[in-house]
Student: 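Here it is, the structure, as structure tokens.
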Amino acid sequence: MDTARHFLRQWIEKDVAAGTTGGKVVTRFPPEPNGYIHIGHAKAVCVDFGMAEAFGGECHLRLDDTNPAKESDEYAENIKKDIRWLGFQWSGEGDGAEAGFYNASNMFDKMYEIAENLIRAGQAYCCNLTQEEWKEYRGVPERPGRPSPSRDTPPERNLEIFRAMRDGKYADGEWCLRAKIDMASPNIHFRDPVLYRIRHVAHYHLGEKWCIYPMYDFAHPIEDALEGVTHSMCTLEFEVHRPLYDWVVDRLDEMGLLVERGGVKIRPQQREFARLNITHTVMSKRLLLQLVTEKRVAGWDDPRMPTVCGMRRRGYTPAAIREFCERVGVSKVESESDPALLEWCVREELNRTALRRMAVIDPVKVVIDNWDGPAHDVVLPNNPTDEAAGTRTIPFGREIWIERADFMETPEKKFFRMFPGGEVRLRGACIFKCTGCVKDADGRIAEIHGTWDKESWGGNASDGRKVKGTIHWVDCATGVKAEVRLYERLFTEKDPMKDGPEGFLKFMNPESLKVVTGYVEPLLASAANGERFQFERLGYFVADEKDHSPSAPVFNRTVSLKDSFKPGA
RNA sequence: UGCCUCGUGGUGUAAUGGUAGCACCGCAGAUUCUGAUUCUGCUUGUUGGGGUUCGAGUCCCUGCGAGGCAACCA
């Protein structure tokens, strides 16, 4: 984030230079607590927090809880948890005990006051058009709208109605408060937008205190202004709302409500950037919620979900996610990122940091017929890219498990793993010569036999002959049975929404989850929940944060290793 | 057919009137006790047409294409 001089950074730089920030850049991340945050939000988090950090300012976490119907405490708490996990900390004054933390709902009193001010100034009025009528009066983008019959109600009367709205005298939808702007504006949002609506719904944070709630377009600029936010960054679809945002800020300015800092009146400004899209996934909260409620996935934290909690459970690291957000960049172009970049980011980190272990996830037994004695311990580095990670000792014996895919009875060309008559190195142990295999009644390989070269202990031949193939293994006598969950992309289609939001389910990948039972080296049983490893030659795996235990190990595949072996090529 | 925004390799993103660069992906090759990593090399690009300029991805006009806006959602 330090070197990327994208347009938002340049915009802020200019304001800092001009001195309009009062000496402090203040941003905010304003999620609505109506769902779990996903990788798309993570990008916004990186931008909002990242810009504040880059300019030595502060970023507020503000729950934009102005629509009680969809919001809950569970969502609120998990949003906070996920942002912290990503590695960001909100700062600033805060509207309660917690620094940097705000609830839009804590500003409802103030917003109500501002609404009354607007009414007094003749800039807002109460309207009792039905929603259908309102729609008709508003007109269409190509044609101007018509004024509401209530448009010229005197302020005193409007005040009466508005207070009655607040006091619960009316039913939902009976009245609303609208700004008086311009019914002929080419920008629909200027055609006397609704500021307050009646909702007889308890708020998760304030309970029954209110039965009228402010709309986003009214609430957001007030929140920004009163918090002293200087730079308010959001996604592209809010671009057409910007004139309205500025209109509200102008009204606040007239009311003398703008915060002053360092002798400067702080006028919050909004700018918009493109949201993150990733192919082969969906990023809409509504659709993710649908996957959860219809039990197409195991929950918000299902490792196949693009949610932050899902990715955490999948084994992604905060740094890799941040790196990804960094690399996709910030612009106004609507684009679709390739999940391969995300995978590259996580491999890049885990290659440096993850300890190596051996696991066999599709086991077939190998018997070393000339094995002659007790266990020979194998010593292998924990991480060849990091000597400081040390070594570990693994038991090795007469019978071992190897991957079924590492054996071919009749090898294809360029296959340099195990096959009858061929030599292969057993990682860290010795050179093994396969002599044959036995099959079960179905013709499936049941057991592979061979002999080991006693002069090759440690892995290299005493006569210097080269053995191209090295395969991993787990000792049958000491290996631990484990559940391994293999994940692939949730959707087979690049754009699951290509047939509209209704059709996305039909593109779900039936093989997005495969659960297998394998064997892992003994050390892995004591893995901590959430601990990440590289299973050599297979990929990066994490001990499941919920289900893993020493007596019943469970590992999730985060991402496979790159594999340039092309069978049959 | 109103208003707003955006068009640079397959993907993402730089170049802010002066050599179109970087990364991912892909493809070769080298190294390798992980077909991983590492290293080297390669393929592929400025939406069309005009104009301004010594010089245009960049500025202007115009066409084409994409997206957003008509919830009492955010």
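Here is how names work: the chains are called A, B, and so on, in the same order as the sequence lines, proteins then strands, and each is numbered from 1.
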Student: If I take atom CZ in residue A:Arg143 and atom C1' in nucleotide B:rC3, what distance separates them, rounded to the nearest angstrom?
Tutor: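 Taking atom C1' of B:rC3 as the reference, CZ of A:Arg143 is at 15 Å.
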
Student: Would you indicate which nucleotide in B:rC6, B:rC72, B:rG12 comes nearest to any side-chain atom of A:Lys332?
Tutor: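 The listed nucleotide nearest to A:Lys332's side chain is B:rC6.
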
Student: When rounded to the nearest Å, what value does the distance between P atoms of B:rU44 and B:rU52 take?
Tutor: 33 Å

Student: Is there a donor and acceptor pair closer than 3.5 Å between the side chain of A:Glu334 and the base of B:rU5?
Tutor: no

Student: Counting the atoms with a prime plus P, OP1 and OP2 as sugar-phosphate, which does A:Arg427 contact under 4.0 Å by heavy atoms, base, sugar-phosphate, or nothing?
Tutor: base

Student: Calculate the interatomic distance between A:Glu237 atom CD and B:rC6 atom P; express it in whole Å.
Tutor: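 Taking CD of A:Glu237 and P of B:rC6, I get 15 Å after rounding.
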
Student: If I compare all heavy atoms of A:Ala202 with all of A:Pro68, which pair ends up nearest, and what's the gap?
Tutor: O-CB, 3.5 Å

Student: Taking syn as within 90° of 0 and anti otherwise, name the glycosidic form of B:rA71.
Tutor: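 Base orientation: syn.
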
Student: Can you tell me the distance, in whole Å, between the CG atom of A:Leu276 and the P atom of B:rC24?
Tutor: 18 Å

Student: A:Arg425 side chain to A:Gly459 main-chain N or O, any donor-acceptor pair under 3.5 Å?
Tutor: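 Yes; judged by distance alone, with no hydrogens or angles, the pair exists.
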
Student: Under 3.5 Å, is there a donor-acceptor pair between the side chain of A:Glu323 and the main chain of A:Val346?
Tutor: no

Student: Tell me whether A:Glu227 contacts the main-chain N or O of A:Asp224 through its side chain, where contact means a donor paired with an acceptor under 3.5 Å.
Tutor: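 Looks like no, no N/O pair under 3.5 Å.
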
Student: In this structure, how many angstroms lie between the C1' atom of B:rA14 and the CZ atom of A:Arg327, rounded?
Tutor: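 Going from CZ in A:Arg327 over to C1' in B:rA14 covers 14 Å.
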
Student: I'd like to check the side-chain contact (heavy atoms from CB on, under 4.5 Å) partners of A:Thr391; sequence neighbours left out, ordered by chain and number.
Tutor: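 For A:Thr391, the residues satisfying side-chain contact (heavy atoms from CB on, under 4.5 Å) (neighbours in sequence not counted) are A:Val379.
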
Student: Between B:rU38 and A:Thr385, is there an OP1 or OP2 to side-chain N/O distance shorter than 4.0 Å?
Tutor: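 So the side-chain polar atoms of A:Thr385 never come under 4.0 Å of the phosphate oxygens OP1 or OP2 of B:rU38.
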
Student: With a non-hydrogen cut-off below 4.0 angstrom, is A:Asn460 in contact with a base, only sugar-phosphate, or nothing?
Tutor: base

Student: Distance between the C1' atoms of B:rU5 and B:rA23, in whole angstroms?
Tutor: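 It comes out at 26 Å once rounded to the nearest Å.
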
Student: Given B:rC73, is OP1 or OP2 found less than 4.0 Å from the side-chain N or O atoms of A:Arg197?
Tutor: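 Checking B:rC73 against A:Arg197, a side-chain N or O does come within under 4.0 Å of OP1 or OP2.
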
Student: For A:Glu74 and A:Tyr36: C-alpha separation, side-chain torsions, deciding distance, then whether side chain to side chain donor-acceptor pair (under 3.5 Å) applies.
Tutor: CA-CA 9 Å; A:Glu74 181 207 340; A:Tyr36 283 70; 2.4 Å; yes

Student: Base, sugar-phosphate, or nothing: which does A:Pro381 touch, judged by heavy atoms less than 4.0 Å apart?
Tutor: nothing

Student: Regarding B:rU32, can its base be found pairing with the side chain of A:Lys466 as donor and acceptor, where the two atoms are less than 3.5 Å apart?
Tutor: no

Student: Taking the side chain of A:Glu536 as its heavy atoms from C-beta onward, which of B:rG7, B:rA74, B:rU34 lies nearest to it?
Tutor: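 Looking only at heavy atoms from C-beta outward on A:Glu536, the closest nucleotide is B:rU34.
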
Student: Do A:Lys169 and A:Glu174 sit within salt-bridge range, that is, some charged N less than 4.0 Å from a carboxylate O?
Tutor: no

Student: Tell me: CG of A:Asn351 to P of B:rU32, nearest whole Å?
Tutor: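 Result: 18 Å.
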
Student: What's the NE2-P distance between A:His189 and B:rG2, to the nearest Å?
Tutor: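 Going from NE2 in A:His189 over to P in B:rG2 covers 18 Å.
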
Student: From C-beta outward on A:Thr66, which listed nucleotide comes closest to its side chain: B:rA36, B:rU1, B:rA74?
Tutor: B:rA74

Student: Going by an N to O cut-off under 4.0 Å, is there a salt bridge joining A:Glu343 and A:Lys562?
Tutor: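 Not counted as a salt bridge, because no side-chain N and carboxylate O are separated by less than 4.0 Å.
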
Student: Would you mind reading off the distance between A:Asn277 atom CG and B:rA66 atom C1', rounded to a whole angstrom?
Tutor: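 Interatomic distance, CG of A:Asn277 to C1' of B:rA66: 13 Å.
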
Student: Could you give the distance separating B:rC59 and B:rG21 at their C1' atoms, to the nearest angstrom?
Tutor: 22 Å

Student: Both A:Val240 and A:Glu142 contact RNA chain B. Taking the nearest nucleotide for each, which residue is further toward the 5' end?
Tutor: A:Glu142

Student: For the side chain of A:Lys562, starting at C-beta, report the closest nucleotide among B:rC25, B:rC27, B:rC73.
Tutor: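 Between B:rC25, B:rC27, B:rC73, the one nearest the side chain of A:Lys562 would be B:rC25.
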
Student: Could you tell me how far B:rG67 sits from B:rG9 if I compare only their C1' atoms? Round to whole Å.
Tutor: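 Going atom to atom, C1' in each nucleotide, I get 22 Å.
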
Student: Kindly express the pairing pattern of RNA chain B in dot-bracket notation, using | wherever a base pairs with another strand and counting only Watson-Crick or G-U pairs under 3.5 Å.
Tutor: .((((((..((((....[..)))).(((((.......)))))....(((((..]....))))))))))).....

Student: Between A:Asp192 and A:Arg138 (salt bridge meaning N to carboxylate O under 4.0 Å), is one present in this structure?
Tutor: no

Student: From the options B:rU34, B:rC69, B:rG12, select the nucleotide whose nearest atom is closest to the side chain of A:Ile188.
Tutor: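 Of the options given, the side chain of A:Ile188 lies nearest B:rC69.
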
Student: Nearest of B:rA71, B:rG2, B:rG35 to any side-chain atom of A:Arg417?
Tutor: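 The nucleotide sitting nearest to the side chain is B:rG35.
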
